[in-house]
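The next block holds one structure in the form of structure tokens; read it before the comments.
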Amino acid sequence: MPETIEFSVVVPMHNEAGNAALLAREIAAVLDGRSYEMIFVDDASRDDTRAELAALKGELPALRLIGHRKNAGQSRAVHTGVLAARAPIVGTLDGDGQNDPADLPRLLARLTRADAPAELGMVAGKRVKRQDSWSKRTASTIANNIRKAALKDGADDSGSGIKVFKREAFLRIPYFDHMHRFMAALMLREGYAVEFLEVNHRQRGAGRSKYTNLGRLAANMTDLWGVMWLRSRARLPGGTDEL
């Protein structure tokens, strides 16, 4: 591993045997030649996910594997990975392989471009031609429309797992379960700007989704009230001066 890491990729995993190794190799191929690390956080999988990834460590020197002792959810896995990250810029994508690692360099370039606003904290992916069931797309559309109207965060696709952001910005936003679906609103709450890019979306390879449509919708609606409260209690200092 190089002494200076410029880009950390965090991938939350839970019961993704059959997807994990393929995804790790894809990330390595896409980022070959860059100073990077990829941190796979296994959220107490009950299948061979952890063993599948551990077997790759000799092949992929940029791979780091962190395991939760108890299942704690996707947001906690992302948080664990960002805390462990050694780069100032972090990318995330879902462990099911539906996010395309080939989109990571585009998001990274957008965030770090020379003329980017100083306050730009995150560039998030917006999935096009989603490869999900009709019922899943419908539930997601309803939740996104309600959330976007309530929070005015500009996010048409808050469920997209592929994002690139400044690690410092992420560590300033409040943590709670399911917060990964509200990152745009939470970044804006802290005074950061957020931009969006269209990204590819793929069929799931192995396994099945960890969320039911009704369960996801119910959790989103509950969390929405909490994020609305957080926004109402935000007070920004307008910058700081060292005296």
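Note that the structure is a prediction, hence the values are computed from the model and not measured. Sequential numbering from 1 along the given sequence is applied to the chain's residues. Side chains included, hydrogens not; waters and symmetry mates left out as well; all remaining heavy atoms used.
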With heavy-atom distances below 4.5 Å as the criterion, would you say the side chains of Ile27 and Leu60 are in contact?
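Counting from C-beta outward, Ile27 and Leu60 never come under 4.5 Å.
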Under 6.0 Å from the CZ atom of Arg172, do we count more than 12 heavy atoms belonging to anything else shown?
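Atom CZ in Arg172 is not crowded, with 12 or fewer foreign heavy atoms closer than 6.0 Å.
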Can you tell me if Asn200 has over 12 outside heavy atoms packed within less than 6.0 Å of its CG?
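Atom CG in Asn200 is packed in, count exceeds 12.
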Who passes salt bridge (Lys or Arg N to Asp or Glu O under 4.0 Å) against [X], sequence neighbours left out?
X	result
Glu190	none
Glu6	none
Lys126	Asp156
Asp153	Arg147

If you group Ile, Leu, Val, Met, Phe, Trp and Tyr by side-chain heavy-atom gaps below 4.5 Å, do [X] and [Y] land in one group?
X	Y	result
Trp225	Phe176	yes
Ile39	Leu22	no
Trp229	Met183	yes

Which residue, Asp42, Leu65, Asp43, forms the side-chain contact (heavy atoms from CB on, under 4.5 Å) with Thr49?
Asp42
Within residues 234-243 or reaching into it, pairs that qualify as salt bridge (Lys or Arg N to Asp or Glu O under 4.0 Å) - sequence neighbours excluded
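Passing the test, one end in residues 234-243: no pairs.
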Aromatic ring pairing Phe170/Phe165, orientation class (parallel under 30°, perpendicular over 60°, tilted between)
parallel
Exercise: identify the closest heavy-atom pair between [X] and [Y]:
X	Y	answer
Arg34	Leu108	NH1-CD2, 3.5 Å
Phe182	Leu224	CZ-N, 3.9 Å
Ala87	Phe7	CB-N, 3.4 Å
Val90	Arg167	CG2-CB, 3.9 Å
Asn15	Arg46	OD1-N, 2.6 Å
Glu195	Pro117	OE2-CD, 4.0 Å

Nearest 0.5 Å, what's the CG-OG1 distance between Leu107 and Thr112?
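With rounding to 0.5 Å, CG (Leu107) is 10.5 Å from OG1 (Thr112).
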Looking at Phe40, does the NZ or CZ of Arg50 lie under 6.0 angstrom from its six-membered ring centre and within 45 degrees of the ring axis?
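No - Arg50 does not lie over the ring of Phe40 by the 6.0 Å and 45° rule.
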For Asp177, all residues meeting side chain to side chain donor-acceptor pair (under 3.5 Å), sequence neighbours excluded:
none
